[in-house]
Amino acid sequence: MTTENTDRSGSIGRRSLIGGGIAATVAASSTSFASAATADLPPGELKGYSLPLSARGTANIVGAPPWHYVGDLIGAEFWTSSDAAQAALPAGLTLDPASAGHGYALFIDWQFSGEHQEYLDPDRSLYSEFLVLLDAQFKGAPVAWCPYIYVDNDAALARGWFQGFPKKLGTIKQTRAFPVASNAAPTVGPGGTFAAALSSAGRRLAEARVTLDKPIAGIPALGRPIVNLRHFPRLTAGNFSNPAVHELTQSILENPVVANTWGGTSDLSFLPAPGEELADLKIIRKGIGFRGSLSYSVRDLKILTGPDATS
């Protein structure tokens, strides 16, 4: 099996899969953005990677990369109509004619850390996430587009926006498994059934149920590089439609590892709610379900379009 990789020209090539099913990209060198415009902060400026900048630089919502992630996920495959998938794509991406309308929904229970064992502060390091990935193409090569994603942690929200993930706040829960036998938990094995749900602003938006059958080689949803849209609008009058940043990006997942991956059957629903469009991806067919564990790190990002695109 293979995984996609973006080359220097912006087209997406292919390299061997890591962990049997994850689209990992070779990390660009730290000089990959040397041609992009840079500006030093004013002398004596407050410190930090992100807001709020502060005297000691520890109050920022997100510290500088590298960022490390590990978690358990439950996923379900689905198909929506080509029209619904097309409507969810940004400019620069097109439907994949081989799999138009195909996608995955993922529910993930994450643990996060920076470089200083932040996982020892579980109030900050633990969070849950829900996202959708749709099959698409960028310049004729297969990619996965993330139209919707929810988290329950403010730092995770900010890290997502910096990368281009369109994160919103939500409540995400999934059935847990434990290494001891109990009537209170399913087994990670044949017949084990896991459920997951997403709610936001007091409304249920998605729910899934997966019944495991047999081990599989990797995580099916992570066979394509993930492309997002970094968008930061202007607030100045007359410039609302002229964003300060508007660029397609490709995630770089460094040192990805998957383990204990199982596949089976699934049931998945997207539910309508005010102020939401997830249910516009009306599910017309359901596919496999799966469960597994995943880890990777983030310290770089590939800019695909716009003035800072890697040449």
Side-chain angles (χ1 to χ4, degrees), residues 27-28 30 33 36-71 73 106-132 146-173 198-202 205 226-236 243-255 275-276 294-303 306 308:
S30 60
F33 302 112
T38 59
D40 294 329
L41 292 174
E45 182 59 275
L46 295 171
K47 301 174 184 177
Y49 174 75
S50 64
L51 295 175
L53 303 183
S54 60
R56 290 188 289 115
T58 59
N60 52 185
I61 190 172
V62 175
W67 303 328
H68 308 290
Y69 303 85
V70 63
L73 66 83
L106 299 175
F107 303 80
I108 312 177
D109 185 16
W110 284 119
Q111 183 164 289
F112 165 84
S113 185
E115 292 191 287
H116 305 290
Q117 293 184 307
E118 283 83 352
Y119 56 80
L120 296 177
D121 185 2
D123 284 337
R124 294 177 179 269
S125 66
L126 300 181
Y127 73 99
S128 294
E129 183 171 77
F130 167 88
L131 70 155
V132 169
C146 179
Y148 304 114
I149 180 170
Y150 298 78
V151 292
D152 59 4
N153 174 291
D154 58 353
L157 183 83
R159 288 192 302 268
W161 285 8
F162 299 160
Q163 297 174 79
F165 284 100
K167 292 186 177 183
K168 299 173 68 172
L169 289 177
T171 300
I172 304 96
K173 303 289 185 181
L198 159 71
S199 299
S200 185
L205 302 182
I226 299 173
V227 169
N228 295 307
L229 179 64
R230 275 169 43 93
H231 177 92
F232 294 92
R234 285 187 168 91
L235 187 54
T236 51
V245 176
H246 189 84
E247 58 196 15
L248 291 176
T249 66
Q250 180 182 314
S251 294
I252 296 176
L253 308 184
E254 184 178 300
N255 300 322
E276 303 289 349
L294 166 68
S295 71
Y296 62 85
S297 299
V298 171
R299 70 178 73 235
D300 203 351
L301 184 68
K302 179 74 174 180
I303 307 299
D308 292 334

Note: L120 and P122 closest approach over all heavy atoms is O-CD, 3.2 Å

For the atom pair CG (L41) and CG (L46), what is the distance rounded to the nearest 0.5 Å? 10.0 Å

Take S199 and Y150 through the test side chain to side chain contact (heavy atoms under 4.5 Å, CB included) and record every step on the way to the result. CA-CA 9 Å; S199 299; Y150 298 78; over 6 Å; no

Gap separating the CG atom of L157 from the OH atom of Y127, nearest 0.5 angstrom: 10.5 Å

Rounded distance (nearest 0.5 Å) linking atom CG of L229 with atom SG of C146: 11.0 Å

What's the shortest heavy-atom distance between V298 and I252, and which atoms? CG2-O, 4.0 Å

Any residue meeting side chain to side chain donor-acceptor pair (under 3.5 Å) with Y119, in chain and number order, not counting sequence neighbours: Q117

L131 to I108 - nearest heavy-atom pair and separation: CD2-CD1, 3.9 Å

Holding to side chain to side chain donor-acceptor pair (under 3.5 Å), I want the full list of residues that pass it with T171, two or more places apart in sequence or in another chain. none

Taken in chain and number order and not counting sequence neighbours, the residues that satisfy salt bridge (Lys or Arg N to Asp or Glu O under 4.0 Å) with K168 are E276

Flag the pair D152 / W110 as yes when at least one side-chain heavy-atom distance between them is below 4.5 Å, and no otherwise. no

Side chain to side chain contact (heavy atoms under 4.5 Å, CB included) involving S50 - partner list, sequence neighbours excluded: N60, I61, V62, F162

Check side chain to side chain contact (heavy atoms under 4.5 Å, CB included) between A59 and all other residues, then give those that pass, not counting sequence neighbours. P52, S54

Can you check whether H246 reaches R230 side chain to side chain, under 4.5 Å on heavy atoms? no

OH on Y148 to CG on L205, rounded to 0.5 Å: 11.0 Å

Ring pair (Phe, Tyr, Trp, His ring centres under 6.0 Å) partners of F107, counting only residues at least two apart: F130

What closest approach, in Å, do T249 and I303 show between heavy atoms, and which atom pair accounts for it? CG2-CD1, 3.8 Å

Considering the options N255, V70, L253, which one meets the side-chain contact (heavy atoms from CB on, under 4.5 Å) requirement together with Y296? L253

Enumerate the side chain to side chain donor-acceptor pair (under 3.5 Å) contacts for residues 155-167, please, sequence neighbours excluded, ordered by first and then second residue. Y69-R159, E129-K167

Using the side chain to side chain contact (heavy atoms under 4.5 Å, CB included) criterion, which residues pair with L51? Sequence neighbours excluded. L53

Which residue pairs pass the salt bridge (Lys or Arg N to Asp or Glu O under 4.0 Å) test when at least one of the two sits in residues 108-123, sequence neighbours left out? D121-R124

Got a sec, which residues hit side chain to side chain contact (heavy atoms under 4.5 Å, CB included) with P147, two or more places apart in sequence or on another chain? A88, V132, L134, W145, L281

Can you pull the salt bridge (Lys or Arg N to Asp or Glu O under 4.0 Å) pairs that have at least one residue in residues 41-60, sequence neighbours excluded? none

Note, S113 side chain near W67 side chain (heavy atom, < 4.5 Å): no

Please lay out, stage by stage, how S297 and H68 fare under the test side-chain hydrogen bond (donor to acceptor under 3.5 Å, both in side chains). CA-CA 4 Å; S297 299; H68 308 290; 2.6 Å; yes

